[in-house]
Every structure is written in structure tokens, then in C-alpha cells.
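In what follows, chains carry the letters A, B, and so on, assigned in the order in which the sequence lines appear, proteins first and then strands, with residues in each chain numbered from 1.
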Amino acid sequence: MVIECLVLGAGQEVGKSCVVVTINGKRIMFDCGMHMGYLDHRRYPDFSLISKSHDFTRSLSCIIITHFHLDHIGALPYFTQVCGYNGPIYMTYPTKALAPLMLEDYRKVMVDRRGEEEQFSSEHIVECMKKVTAVDLKQTIQVDEDLQIRAYYAGHVLGAAMFYAKVGDAAIVYTGDYNMTPDRHLGAAQIDRLQLDLVITESTYATTYRDSKYVREREFLKAVHKCVASGGKVLIPTFALGRAQELCMLLDDYWERMNLKVPIYFSAGLTIQANMYYKVLINWTSQKVKDTYATRNAFDFKNVLSFDRSLINAPGACVLFATPGMISGGFSLEVFKQWAPCEKNLVTLPGYCVAGTVGHKLMSAKIPTQIRLDEDVQINVRCQIHQLSFSPHTDAKGIMDLVKFLSPKHVILVHGEKPKMVTLKEKIQSELGIQCYLPANSESLCIPTTHHIKAGASDAFVRSCLSPNFKFLKTNSAELDDSHKRTMPLLQVYDDRVSEGILTLQKNQSPKVVNQNEFMEALGVEKHEVKLAHCFRVYIPDSESGDASDCLPSTSRKGSLLHLISEKLCRELPDFDVQDCQEHIQIQSVVVSFCSNEKCPHRTGVSLQSVDKKEVHFCCSWSVADDALAWRIVASIKNLELDT
Amino acid sequence: MEHRLLSVTHSTLREDNNLSPKSAAAVLSLITNPFTSDSTLSSLLEALVLRLHNPNSNSDHQKVLSLLSALSHHHPRLGHRIAAAAHAFILLPSTPTPSLPHALSLLDPAHPFQTDPFSDESLFLSLCFWQCVKTRRWILRNLSKFRVRPSVLITVLLGFTKDPYPYIREAALDGLVMLSNGIVVEDPSLVEGCYFRAVELLFDAEKSVRLSAVRAVSEWGHLLLALKGDKTQREWSDALFVQLCLMIRDTDAEIRVAAFNALGKIRTVSEDILLQTLSKKTLAATKEKKYPGQYTAKLFNIPATAAAFTFVHGLEDEFYQVRRSACHALQMLTVLSAEFSGGAVHVLMDILNDDSMVVRFQALETLHHMAMHDHLKVEESHLHMFFGTLLDNNGLIRSAARKALQFTKLQKLAMFRSCVNGLIKNLELYPQDEAEIFNVLYKIGRTHGKFVTSIIHEVSQELEPSFDGKLSFDKKRTAALLVLAISAPVSLERSICSIPPRIYSYAVTLLGRLSSGLVHVMDQNTLLAYLSHCSKFTVASTSENFEGELLNFDLKNSFTHLWKKSDAFSFPESMELKKVTTPVHGYLLNSHIKATSCVEIVLWKVVELWPLIKLRCMNDVVQTLRSWKEELRNFSCNSRHPAGVLGFALRYLHVIKLLGKAWACYFSQRNLQFTEMGVLEALLHKMESRLKEMLCRHAGLSRGEKLHILELMLVAYTLRLSCGVTSYFEDYINKLKNVLCLVEYLQKEGLVELSHFVNELQNISCEIGHSEDGFIYKLDRLQKSLNLFSLKHIVLSGELKYLDAEVDVCDNEFQNPLPFIPGLPVGIPFDITLYNISSETRLWITTTLGEKSAQFVFLDLSEFGGSNEMRRFTFLSPFFRTPLAKRFSLKVSIAMECLSEDQHFKHCNGPKHELIHLCKGKEVHLSMPVK
């Protein structure tokens, strides 16, 4: 059995996430994103690879969307409404709620601003969203008879989820984007320890090791506090969702703790609306928000007021959140124009700004500077600039931690830059010993999976399984190879109740596991044991040779000789229990006794008629398991003549 | 009803049929009904027991047992009988194994039977290996009840860690944890076996198993460590640490909490590993290290890098429980390494910004702990966060912040300054914290003596009285700075303490507030004594050439001395001095203390007048003195005679005025004119008698105070002698010598250091020896010695009592004279009130007629009642030599014989020593009766 993994997007790149996984005949498309960097056909995943006939509904079992970012959902309306996919689509509740906003916003920008040909219309979005089935966290959805999916919290943005999919015995997890460290408003990714064949994980920060989030928070708060304390105004350009709430919670908390009275404003528009969504979807936020929910909604910011234009030039300190994040236009640019010339003011910039935006220019500029907006407008920038470095993606350590925690059999990296992904791949393989791959776009990859066969069990076997039957083994450290020597404990515990069955496969019957006794009964045979035997001659130097009339040693002499041997064996084999049972010596399954049978079938070597009286024959028998031990004992007894 | 039910149930219980649910419900209703009679219950019990023991009543043991347990629960008095029945049931050979746990739970392990099933190993084992999972779980959960050999227990538990059922694995691990606390295992391989088995289960799919595994790994890890020798112990404890570090990335919060709790318990970890827990990148020291353990389900060597970023992850966690636990673990581990603490401080400082109060609090606790172990190195970049917590709107956090702060060592003056500012801001915003803030200021001041000194110098202008003469002590900032200032002399550093002593006297005005802040350090009296003591060191302010080192030494010594005087104090290294002062006492003290503190200030300020006196700006001096007197008198508005310290201060000011005038007079013209001579002599005479009065009329003067007065007396005498032309030259020589003797006596008694001036006089006197006119030749030196004199701060160490007397004659006025017959003695009835005069004092009533010599009548105080504080009595005193006149008036006063003065007076039957008048002369009018 194999899992086939076809990467349509985000293979060795960031953008248009889309992976089609086939597990035991079920095909699931994870994410259906668009690439923001392209405007041509490369913008969408190459759907034709899924099905030559373009009958997507039949060739896919379902689509799973992890979160509402456009590079994960952007192509969905196109795929459903234009390409005609009509099957089930799964996403979490918040994603379902927020995705239309994002898509509509994007469509507007594309059509209204850039004047592009419309890829999908508002109706398309609406219709597309109608096909979506919303899921809850840890809710197991039975897509069809064989396919189960389950969402786990990913902590990337509101409603972001990792998805677990299981068909038969093969199970995979597709992480989407996730964050292993919580922030103010979202928790850290949370998943069960599952038996997995494959994990497909993002690797945006495949080699980055980020410092503590507190450092970033501290720097941000310090900069803002310093600015407002000296009477300056702080402009925080943000995107509507996510970062705005995060920073606002941070500030709101700080304000309350420090008893600051400086007003914090939210510019009207999307942010307020987004806040409303956050308030409703409180269950998807961090533990802290949930905890405080009993007393108050953390998104009901105590110190936040709404802003209107007349306040731009009002005297006194203030903090303002305004969209868009990169100061590419709109309200944040309007305010920036007014506030930038004053040295007391502060502008924070998001971690990443697209080239050509004011934000990008500021990132590389030295203050004071002048920024040219267009032919006529030029802004004198004298205010302070603070660069934010908050990111909702996990870093290399987080990826390693998650992979280590899940310990799947295979890992596929997507959503990253190739050279960095190679480094991470090496690390995963060498450190964790897990096979790791990084397929490129349009590449297909097959991964072997375990396959379990259902077998019936006999009543006796089931009964024998119910009672514990444990065994303790002291492993001999010498038997272990070097790498395990140090770590393996000497004492091992086994519970054999399950392992002692016998699998029977009969024609025209399903396989069945039966008990050992049952099995023999069924076959009508007795239990046989393979034993090895060896009879050999030992020369015994005789002190009282003169008296010896009998060719065989007397019983008493025999006894003392055996005793002698057992003592010697005790000395030489200190790890074993040497039992001296008068007639024979027993060490584990090895039995050593005198052999008086002249025609012993196990006797080796020439058997002379005129035997020297000082010769004695020993016959040894043992089971296969103790073969090595037996030969040691034989050698030891043979050495007896040399010793004495 | 009850009986009907009982009979029905009886019949059903006796039958061999299965117990129907209906009849079981009937029995239960009887059991639970509180009004069921005892007889019913006991017959019910009997029936149930009978059924239980009946071997034929198949398969409804469970029902009967649950009815019995209900009975036992509702009627505990039947418990013993039920237990006995259950015990018998257990011993029955017919008893099916599945019923055993239920029956066992009815027994009370505290009251063992003779054949105790709980110590029956075979029963235990048969239950353990019974195929029913429920039974197994029950037995594992009730392990503690069984008294089975530990070797058996451990084997069973270890075996069950392999059970396919997660609940059994979990219970087995819990059992192992329980067992690890109570047994001693000497077989290392067994302990290792348990440890590694638990480690293996850290990778269990079930989170409840993982949680128990974390605990088991921790406990058995410690057992393992205990068994390992010194050499490998360290490595094994590192191994345990790293193994547990792995679990802090579990996605279950509870497991993370348990992992941090376990990490905090590890007592020895190598520094490299600890440092790795703060860094995400692999450190060179830990790069290659591997430990025995388990990294993933398959990898059996755990790299040291698994510990990377452990604590930062923990402190960044979403759940406050994890963050708190991580903080707490840090608190335990920072003790191990200073370098680690240094790194941890950075993260902890950020935690101070946490949104959860609990976490902030724990972080501050951790900082406090670090500071106590001297592992806290605060850097400038931390200050914003650290001092920010002082302004937290949660009182607990502020308090914890101050607690952490008080042991913190700050490296730079700027840091210290912002710390002080932080505290002052805290005080301004949250005045309710005042006491604690003062305490902290005092403590950090003590550890940062140098910084305190320079800060106080910077702000000393603020502390001075404003132009209108008022000290702005109501300002919180000023108060805080004063606290800081007073901490300096007890500084633990050997730094120069050159805080102007007047600051201490300012501090006295805040005594009440300060002492409530420093209540853990010293009580109010001690504080006052301390402040007075500190403000005594005038030298520091006036002469900066004074060697600071010396002063510091002196100051410390004397301060120590000061403490030691009061026996109630201990004097440990931390200088935590505490004496419980009852609040009532404190309150009573308070009003008195206001006056006292004011006196302190005035007496302190007087010293500053001395340069002015030397410059002969007597107008200013006199004016100042007058205003001070008025201020002081305000305190005594309700009492006629300002008594005690206040009165002393007033008299002292008067003496200073006289001294100043005399001094100015003496130095204004060296070649004094005779007229001026007269003025000077008069001044000196007044001064002398005032001083004498001060000396004699104040009970309770300390040695220091006496010496101070005597020194002033010496000045007066010296001034007088150095004029050269005095009519009583020899007299004064003698007086001088007498005083010197007294000084010497006092000095011998208490080893007090004398001023240069007194020393010089002593030298002169020694050189002269006994020659009568020696001084004449030493006038030069006498005159020069005056230059050595400077006024010092007189410190009133204790309560003073003013010896006072009032004398009155009833209804005696000029218009209403007493009758007398000329030439004959007359009895005059005096109303006498004595204050603070002990019965040993030799008191005389002096009666003078005109300018003639007086008549003395001895007052034997033992004849009169009353206490030393106040005596009031009438005394009929005779006056013998009535003149031959129609009317005359007498001047009567009460005088005290001054025993210290050696001069003899030649009064017959009169006093032998010089007299000090205790009251103003009272005129008594006498007239011949008109016929």
C-alpha cells in the first residue's frame, strides 16, 4: 500500500499551497491557494494534473482548507465555480466566516484597482462558500465510509487548523501553516500523538531560530511607551486580521497595568468588523482570552476608542491602528502624511513590506528622510520608525519539535524556500531518523504505508490475552551492539499475552489467530521439540587407578566427578544457574550426564573397544536456543583433562 | 409501611431467586430512609449477610455487596458488622474472584482481622492476574491498602506498565510513583528497569499515561541518582534533566506543567545543560553530548540539545500554569549556577510583562530568590520592566516587586537613581504602600551607601526648609528621600558617609511614618535614638576636611553601641533589628515625639549658629534664637512651666544667647573698656548661674549632656579668666579646676572623648599643677584655647526631669497681710509644691528680709508624703527676727543644696553648700494686727 502525494503548489516555494494526497484510493486536496506573485496562469495550481478529463468532482474525495489566507484558499472559488468541482469542502468555522471577506477584498483589489479581468465574481464566492462544510476542532468527520478527517488547532491565524486524514490503516497529517509559540490572541498548535505514516508540514522558517517573543514585545512596548510618554503619536499600520488584534491586546494590557491614560484608536472599517468576528469566535483564540472571557471579552478593549478624522491633528499623545499594513494607501497613508514630519511621533512597520509601498521605503531609509509619493507629493519623514518582527509561523525548532512529537514514518516539506528546506530535511533525517522529502511543484511522490489485515481470534486466544502474562528478561549487555549498549536497560519487561498466538490462514477462510494448544489440537499433533545432543570422551586422570577393577567408575566416584565438573562450571559460567542433580548437571536447557551406552548414537570420534579405563563419556543434550552455551560447556568439560 | 417493606424484602432475600431490581430498590429505600428503625436495619443486615454467605445465591453477590456498602455508608455504626460479614465472605472458597474487590472495599484496612485479606499475597496476585480489566484497575488504584511485599508489588507494577490498556498503564505508573516514596531498592538494575520503562512510556499515545510517566520518570530518576556513584551521578542527573526537557514540548499543557515541576526538583545539573535551556541554538559545550535515555520511540540516545530553549518555551507558554511552573523551576535551578541565573534574568524580566498576575508574581518571587542567593545581576535594559512592576495596579505584584528589589544589587548610580525614582513614583501613585516602600528604601539604601550619599547630595536642596521656614515634609518624595538618607550610616559598604546630619533631624519629624515602615528593622524608640545619634555628628557637615573613613568607623561603632545598649535587640549580620512595640505605646509616644523631634531639630540647628556667633552677627543669632524659643514654647502652651526636654532646650537656648553675647563682647574688642568689662562679667555671671541651674535642676542628664554643660561652663570661666582683670580671679581658678575635675571624673566613668578645647584646658591645668598663680602666666594659652572651642550638637538621649518648686502663702496679699508682733517670731504657713524632687534632696526655705542675709529653714522631705514626681504640703515655717516695723514683706523661696559644689558657706545652721533656687522669690506681707 502506498500514499501518493502530488504537489500542485508550494513545493519548494511559498505561495498557492495545494497538495493532493491519495490514500488507499481516496484523493484529498489540501488547500487550494493562489500565488500572489504571479498574474498569469502560474497564479493557480495546475489542476489538470489531477484529472486529464477535468472531472474533478469524481477524482477528488474532498477538499480541505486549513485557513483563510489567500495563498491557501485563493483558488477555491475558481476551482469550484470555474473548473466545476462540486464535491465536499471542509474548513473550520472561522475560516468559513472570514474567507469570503478575504476573497471579496482580493477580488475588489484585482478588478477595481488593477482593472484586471475578473477570475471569479462575488457570486462565485458566495456559491463556493455554500458548498463548504464547517468543522470544529477535534471533531472527527466521516467523509465517506473509509475516509476520516479531523481538525487540530494550528495557531497560525484565527481558525487555522492542521488536518488529520485516515483511510484504513494509513494516516497522515497536513499541517498547513502553524505556530508552535502562542501569542497574545492565539494559542500554540495542539495535536494528539497519532500513529502516522506521513506528515506534510510547512517550512517557512526552515533554518530560522527565532528568539523569545518577549524580546519583541518588550521592544515594541518600550518604543510605544517612550513615544507617548513624551507626548508623541504612534501610528501602527496593520492588516485587519491577526496582527492588529495581537498588538492591540498587548497594548491594552500594558495600558491597564501601567495606568496609562493615553487614548488608543482603531481606525474605522475592516478592523472593527474583524474584531467583531474575533469576539464571536472566542473559542478559537488563546487560552488566556478564553480564561478572561468569563469576566470580560478580551476583544472588548478597555482603552480602545474609535477614531475619526478630526482627531488626526488633535493635540496630545495617542496610539492609532490603521489599515493597510504596508502604508500602501488608504487611511494609514493619510495619517502617515500628517504625522511623519514630527520627530516625537512613531511609526511601526510590519515585518514584511512589499517593494514599492511606503512601508518598504521606510524600512530601508535613514531618518530623517524624504519620501516621494508621486510627482507632486513628497513627505518629510522625521518621526521614529520601529520595525515589528512578529510572525505567526513556527521556526525551525518548532518544526523539529512537532515532527519529533508526531514521530511519523515520513515527512514531506512544503511551503518554504528550497535551500533552507534542504537543510531542514538533512536535520530531520539525521537527528530523528525519519525519511524526509521536498517535492517540487507538479511532482508526485509515493510513500509506502503499513497495511493491517484483519484476523479473527479464537476464544481461547482472546481469553489468554486477557490475563497479564509478563516476563522479565535480563538482557546480557554483551549481546547488544555498541550503539545500544549504553542505553538499553539490563532489565526488560515483556507482556507476552498477545504475541503467543498463531496466525492460521486456511483456504477460503479469513485469517485467524489461535492459541498454541488449540492449534495443535486442531491439527491433532503433539508438541515436538528439536534437541541437539553430543556425546564425547574425556580422559580422567585416576589417582586410585590400581584398585579400579571395574571398567566403569563407581557410582560414588561418578557423583564426585560430576560435582567437580559442576563446581568448575559454576566458576566459569557465573551468569548461569548451574544445577547439580546427582545424576546430571543442568544449565538452562543443557543437560550433562555420564554416558554408559557404548553405542550412543551421539557419540563422535572413533569408539575403540579397548577403552582406557581412565576415559569417561559424557552425553550432552540441549535445545536450539542454548546452542552457544552448550558448546561452551562441552569445551569446558573437555578441558577438564588438561586442568587435572 | 416499614414493616411491610421489611417482610416483603425478607421473603425475597431468603428465596434463592435472583434479587429483582424492584426488591433491591425496596431494600435501598429502607437503607436510605433516615427514619428506618434500628431493628429493621439490623434484621435487614442479617438477611443480606445470610444471602451473601449463601453459596447457592448465584451471581447476585454484586447487588448484595452494593446494598451492604450503601448500608455501611448511611449507617456507619453498622460498619463493623458489615466488614466482618465481608471478611467472612472473602474467605469463603465459593466466592467468585470478580466479587472480591467489592467485598474488599467494604473492609477497613485500619482494623485488620486476624486473617487479613489485605496482607494476603496470593489473593492480591490472583486479583492482579484476573482477566477482568476493571478488577485490575481497582487493585492498582487501591495498592496502598494492601500490605504486600514491595518486591511483589514492584514486579506486578512493572509488568502492568506493558498492559495494552492505557488506564492500567497509567495506574501502574502511579503505583510506581507511590512505591518510590516508600521503599528502598538496592538493586540498580531493577531501578534502572523501572526508570527506563517509565521513560518508554513518555512516548505513549495516551496523554494520561504520558502525564503519569513524567512523574514516574522524575521519581525513579531520583532513586537512580541516589544509587549511582559520585562519578556517574552527575551524568545521570543530566540525563534525567534532558529526558524531562523533552516533555516540555508536549502538546498537552498538564504534561508540560508536570515536566517543569519535575525539572525544578533536580538538584544537580551541569551548567552547560542549564545554559542550553536558555538558548535555541546548539551551544558548543552540549553539541556532542549524548545521554542514555530515549529521544524518540526508536532512538535510544538523547542528545543534550534536546534541552534547548526549554525555559524560554516554558515561559512563553500559552497556559499560565505552565509559565508559573517554569518560573518556579527556574527559581530552584538558578541557585545552581550564577551564569545560568545571569541568562535567566533576561527572560524573567520579560515575564514581568506577562498578562497573568500569577505568573508575574512567581517571576518576581524567582527574582527575589535569585537576589537572595546573590545571583541577580540587573542590567540597565531590564530596568524599564523591573521598575515597571512597581507601578503595577495589583498590590501583590508591587509588594513582590519591592521584595525582590530589596536584595537587588545595582551596579550603577544611574540605575540606583531610577530605582529610587521608581519607588517614589510607586509611593506617589499608591500611598497605601508607604510603609513597605520606606522599608525597601531603607534596605537598598543600606546596600548602596555610596549611591545614597551622592543622591542625597544632589537633592539636598529639596530637603531644606523652604523660604517660609517650613519643611515640606508632607511631600511624599521628600519623605522617601529622607528614608534613603537615614539608611546610609548603616550602609554595609565601607563608604564615606557624608550626609549632612541635619537631614537626620529632619527625618525625626517623620518619626511615626518612618517607624511604621521600618517596623521590621527597628522600633520607634530605637529609630529615634538612632536618628538623634546620627544627627549629632556635626563635624561632618561643618568641617569637610574631616576624614570620612574615621567618621564612618566612629559612626558605625557608636551606632553599634547604640543598638547594644538596648538589650531587646539582637544584632545579626543582616541588621534586622526588631522589637515589638505595641501600637498603643506608639500612639502615646507620638504627641510627645512631635515636641521631642522639634527640640531635636532646634538643638541641631543651634550648632549652625556657631559660625555666626564667631562672626559676631549677634542680631541674627538673637533673632533666630528668639524665634526658635517661640516655636518651642508653642509645644508647651498648655503647661505653665515647659518641663523636661522642652524646658531644657529653652534654657539651653538662653545660655547660648548669653554665650553668644559674651563671646561677641569678648572678641569685639580685645582691649576691653571697663564698662564693657562690666557687661561681659554680668553676662558671664548670668551664664554661669544658668548653666549651674541646668546642671543641677535637671534629673536624668546623661554623661554627654553633663559634659556639654560643663564644657560651656569652662568656656564661661575661661572667658572670664582671659579678660585678665577680674576681681575674683582665684575664685574662678578654683572653679575652673573643680569643673575640670568633674569632667575628668565623668570621662573616667564613661571613656568619653573630650573636645580639643577641654583637652587643652586639662593640659594647662596639669602643667600648672598646684601653684596658685600659675594661671596668670598661662593667660596666653587660655586665650588661645578659646579658639579651639566650637559649639557641638547636644543630643538629648533620654527623658529629663526638671526639679521645680512652688511656694505660696494662703490668702496673703498686700491688702491682706499676715499678722505679726514685732520682735517675736511669726509662723508663716506655706503651701509648697515640689516637682521631681527626691526625698534625699536637701531643701531649704530661704527667707530674706530686705537685702539682709537670709534665714534658712530645712525641709525634711521624709516628713511629708507624696511621690518624687510631685509633693504638695503645707508647712508652717517660723520667721524669727521680725523687725520693729508696722508692716514688712519677706522674700521667700525654696533652694536646693547643690552637693556637687564644694564651696562652703558660713551660715549657722544653714546649708553647707551652694544653693540653687528652685522657684522665684515669693513676697510675703506681714503687718501688725490693727486693733
Side chain / backbone / both / neither for A/D291 at chain B, heavy atoms under 4.5 Å: side chain
Contact class of B/L202 relative to chain A, heavy atoms under 4.5 angstrom: backbone
Interface residue of largest heavy-atom contact number with chain A, from B/I351, B/L429, B/T155, under 4.5 Å: B/T155
Options A/L402, A/D395, A/D183, ranked by heavy-atom pairs under 4.5 Å with chain B, top entry: A/D395
Spatial distance of atom NZ (A/K213) from atom CG (B/D350) [nearest 0.5 Å]: 10.5 Å
B/T286: partners by side chain to side chain donor-acceptor pair (under 3.5 Å), with sequence neighbours left out: B/Q276
N/O donor-acceptor pair under 3.5 Å between B/E318 side chain and A/Q287 backbone: yes
Under 3.5 Å: donor-acceptor pair, side chain of A/D192, backbone of B/A205: no
Residue list, ring-ring contact (aromatic ring centres under 6.0 Å, His included) with A/H156, at least two apart or on another chain: A/H67, A/H69, A/H393
Top contributor to chain A contacts, counting heavy-atom pairs under 4.5 Å, from B/Q294, B/H346, B/H313, B/K281: B/H313
Whether over 12 other heavy atoms sit under 6.0 Å from B/E428 CD: yes
Crowding at CD, B/E254 (>12 non-hydrogen neighbours, <6.0 Å): no
Reported OG1-to-CG distance for the pair B/T251 and A/D401, which is rounded to 0.5 angstrom: 11.0 Å
A/K288 and B/S356: CA distance, side-chain angles, deciding distance, side chain to side chain contact (heavy atoms under 4.5 Å, CB included) verdict: CA-CA 8 Å; A/K288 184 238 158 180; B/S356 156; over 6 Å; no
CG on A/D211 to CZ on B/F309, rounded to 0.5 Å: 5.5 Å
Interface moiety of A/E431 toward chain B, non-hydrogen atoms closer than 4.5 Å: both
Neighbour count above 12 (heavy atom, 6.0 Å) for A/K409 NZ: yes
Part of A/A396 within contact of chain B (heavy atom distance under 4.5 Å): neither
Within 6.0 Å of OH in B/Y167, more than 12 heavy atoms from elsewhere: no
Candidate pair B/R249 and A/K404, rule side chain to side chain contact (heavy atoms under 4.5 Å, CB included), full reasoning: CA-CA 9 Å; B/R249 289 306 269 163; A/K404 190 163 65 194; over 6 Å; no
Under 4.5 Å from any heavy atom of chain B - which part of A/S407: side chain
Atom group of A/Y153 that falls short of 4.5 Å from chain B, counting heavy atoms: neither
B/C128, part contacting chain A, at a heavy-atom distance under 4.5 Å: backbone
A/Y214/B/M349 under side chain to side chain contact (heavy atoms under 4.5 Å, CB included): CA gap, chis, key distance, verdict: CA-CA 9 Å; A/Y214 289 115; B/M349 287 293 174; over 6 Å; no
Distance-minimising heavy-atom pair for A/S212 and B/E316: CA-OE2, 2.9 Å
Heavy atoms of other groups near B/K425 NZ, more than 12 under 6.0 Å: no
Any B/D250 side-chain heavy atom under 4.5 Å of A/R193 side chain: yes
Contact class of A/M180 relative to chain B, heavy atoms under 4.5 angstrom: both
Interchain contact, B/L352 with chain A, by part (heavy-atom threshold 4.5 Å): backbone
Proximal component of B/R323, with respect to chain A [non-hydrogen, under 4.5 Å]: side chain
Heavy-atom neighbours of A/F390 CZ exceed 12 at 6.0 Å: yes
Which atoms of B/F129 approach chain A - backbone, side chain, both or neither, heavy atom under 4.5 Å: both
Side chain / backbone / both / neither for B/A308 at chain A, heavy atoms under 4.5 Å: both
Greatest number of heavy atom pairs closer than 4.5 Å to chain A - which of B/V347, B/D252, B/D204, B/L391: B/D204
Derivation and outcome, side chain to side chain contact (heavy atoms under 4.5 Å, CB included), residues B/H384 and A/L221: CA-CA 10 Å; B/H384 178 74; A/L221 289 176; 5.6 Å; no
Atom group of A/F405 that falls short of 4.5 Å from chain B, counting heavy atoms: side chain
Neighbour count >12 (heavy atoms, 6.0 Å) for atom NZ, A/K222: no
Contacting moiety of B/Y195, where chain A heavy atoms sit under 4.5 Å: neither
Segment of B/L246 engaging chain A (4.5 angstrom heavy-atom cut-off): side chain
Distance in Å, B/D317 CG paired with A/S286 OG, rounded so as to fall on 0.5 Å steps: 11.0 Å
B/K134, NZ atom: more than 12 neighbouring heavy atoms under 6.0 Å: no
Close side-chain approach of A/L432 to B/K298, heavy-atom, < 4.5 Å: no
